[in-house]
Amino acid sequence: MSNHDIPSGFRLLNRNSPFSDLTGPYYEQVDENGKHTVLGIRLTNEHLNKIGVAHGGTMMTIADNAFGDAILAHYDHPVAFVTVTLNSEFLSAAKAGDWVEARVNIHRAGKRMIFAGCALTVEGKHVFNASGVFSLIEKRQA
């Protein structure tokens, strides 16, 4: 895949995650302050199920990654967190070649819990919604 397949305004996102390397590559848009705003991914055959549409696990993984990026961008200091719940609604199929954009709305970010929603779109059409609850944890020392 070449960079001309990626919409203008998106840059490659290095997640430093072996799992994300398998499920990506992911791209991001940032605001004027350099904070993450949108996660993007071009679907390939590797993202599809046996009937030729995006696997449900692919869509959930995109949303979970988008939640993570949005939560990190929400705070002015480094945080660590884990997913507590992730609820999904599959609205329409996505296929190979589709550019999927994930936008997160953080509803509430407390001292211990974060509540958020995520919408995945293809050409402006909602194809997937998710809501999640995340727990802030103490960051482990490497």
Side-chain angles (χ1 to χ4, degrees), residues 1 3 5-142:
M1 182 172 312
N3 281 340
D5 293 330
I6 306 309
S8 177
F10 281 85
R11 66 183 186 193
L12 184 63
L13 179 58
N14 185 351
R15 308 188 82 76
N16 296 314
S17 162
F19 182 72
S20 292
D21 289 345
L22 289 173
T23 61
Y26 295 95
Y27 298 82
E28 72 174 342
Q29 228 177 28
V30 296
D31 66 15
E32 60 279 353
N33 299 316
K35 290 249 188 186
H36 171 88
T37 58
V38 181
L39 182 69
I41 184 171
R42 177 74 65 195
L43 296 181
T44 65
N45 285 329
E46 290 79 11
H47 297 114
L48 307 182
N49 61 23
K50 65 183 176 181
I51 64 169
V53 297
H55 190 284
T58 297
M59 303 304 273
M60 293 171 74
T61 299
I62 295 168
D64 197 41
N65 278 291
F67 279 126
D69 294 329
I71 291 167
L72 290 173
H74 180 79
Y75 290 91
D76 290 329
H77 57 279
V79 295
F81 52 93
V82 294
T83 304
V84 176
T85 64
L86 182 63
N87 298 303
S88 305
E89 298 171 344
F90 300 89
L91 306 175
S92 185
K95 59 191 181 321
D98 284 347
W99 175 254
V100 178
E101 293 185 0
R103 288 175 174 77
V104 171
N105 181 15
I106 296 178
H107 303 300
R108 189 175 127 234
K111 291 180 182 176
R112 296 184 328 174
M113 305 295 280
I114 302 156
F115 300 83
C118 178
L120 272 57
T121 60
V122 172
E123 296 180 9
K125 177 183 177 186
H126 278 82
V127 296
F128 178 90
N129 286 328
S131 61
V133 178
F134 306 86
S135 178
L136 291 166
I137 60 171
E138 212 172 295
K139 200 166 189 169
R140 291 185 182 176
Q141 298 299 322

Inset, instruction - State which residues pass side-chain hydrogen bond (donor to acceptor under 3.5 Å, both in side chains) with T23; sequence neighbours excluded, sorted by chain then number. - result: Y26
Legend entry - Side chains of D98 and V53 in contact at under 4.5 Å (non-hydrogen atoms): no
Legend entry - Nearest-0.5 Å distance that lies between atom CG in L48 and atom NZ in K95: 10.5 Å
Inset, instruction - Indicate yes or no for a side-chain donor-acceptor contact from S135 to the backbone of V82 under 3.5 Å, with no hydrogens or angles considered. - result: no
Inset, instruction - Give, for atom OH of Y75 and atom CG of L136, the distance between the pair rounded to the nearest 0.5 Å. - result: 4.5 Å
Legend entry - Pairs meeting criterion side-chain hydrogen bond (donor to acceptor under 3.5 Å, both in side chains) with involvement of residues 107-125, two or more places apart: S92-K125
Inset, instruction - Please collect all ring-ring contact (aromatic ring centres under 6.0 Å, His included) contacts where either partner lies in residues 36-70, sequence neighbours excluded, each pair once. - result: F67-F134
Inset, instruction - Check whether any side-chain N or O of N49 sits under 3.5 Å from a backbone N or O of I51 as a donor-acceptor pair, and report yes or no. - result: yes
Inset, instruction - Find the distance between CG (N65) and CD (E28) and round it off to the nearest 0.5 Å. - result: 11.5 Å
Inset, instruction - Side-chain contact test, heavy atoms from C-beta onward, threshold under 4.5 Å: evaluate it for H74 versus V104 and give yes or no. - result: no
Legend entry - From R103 atom CZ to Q29 atom CD, the distance as rounded to the nearest 0.5 Å: 6.5 Å
Inset, instruction - Might you point out which heavy atoms bring L13 and L39 nearest each other, and give the distance in Å? - result: CD2-CD1, 3.8 Å
Inset, instruction - Could you tell me which non-hydrogen atom of L43 sits nearest to which non-hydrogen atom of A54, and how far apart they are? - result: CD1-CB, 3.9 Å
Legend entry - Partner residues of F10 under the ring-ring contact (aromatic ring centres under 6.0 Å, His included) criterion, sequence neighbours left out: W99
Inset, instruction - Return the minimal non-hydrogen interatomic distance between P25 and L12, and the atom names on each side. - result: CB-CD1, 3.9 Å
Legend entry - Minimum heavy-atom distance N45-A96, with the two atoms named: OD1-CB, 3.7 Å
Inset, instruction - Would you indicate whether the side-chain heavy atoms of M60 and L120 approach each other to under 4.5 Å? - result: no
Legend entry - D69 side chain vs A66 backbone, donor-acceptor pair below 3.5 Å: no
Inset, instruction - Assess whether atom NZ of K35 is packed by more than 12 heavy atoms of other residues, nucleotides or ligands within 6.0 Å. - result: yes
Legend entry - Test item: V30 and R11 side chains (from C-beta on) under 4.5 Å apart, heavy atoms: yes
Inset, instruction - Not counting sequence neighbours, which residues clear side-chain hydrogen bond (donor to acceptor under 3.5 Å, both in side chains) with T85? List them please. - result: none
Inset, instruction - Could you pull out all residues at least two apart from F128 that satisfy ring-ring contact (aromatic ring centres under 6.0 Å, His included)? - result: F90
Inset, instruction - List the atom of T83, the atom of L86, and the distance in Å for their closest heavy-atom pair. - result: CG2-CB, 4.2 Å
Inset, instruction - Decide yes or no for T58 and T61: does some side-chain heavy atom of the first lie under 4.5 Å from some side-chain heavy atom of the second? - result: no
Inset, instruction - For residues A94 and V122, report the shortest heavy-atom separation together with the two atoms involved. - result: CB-CG2, 4.3 Å
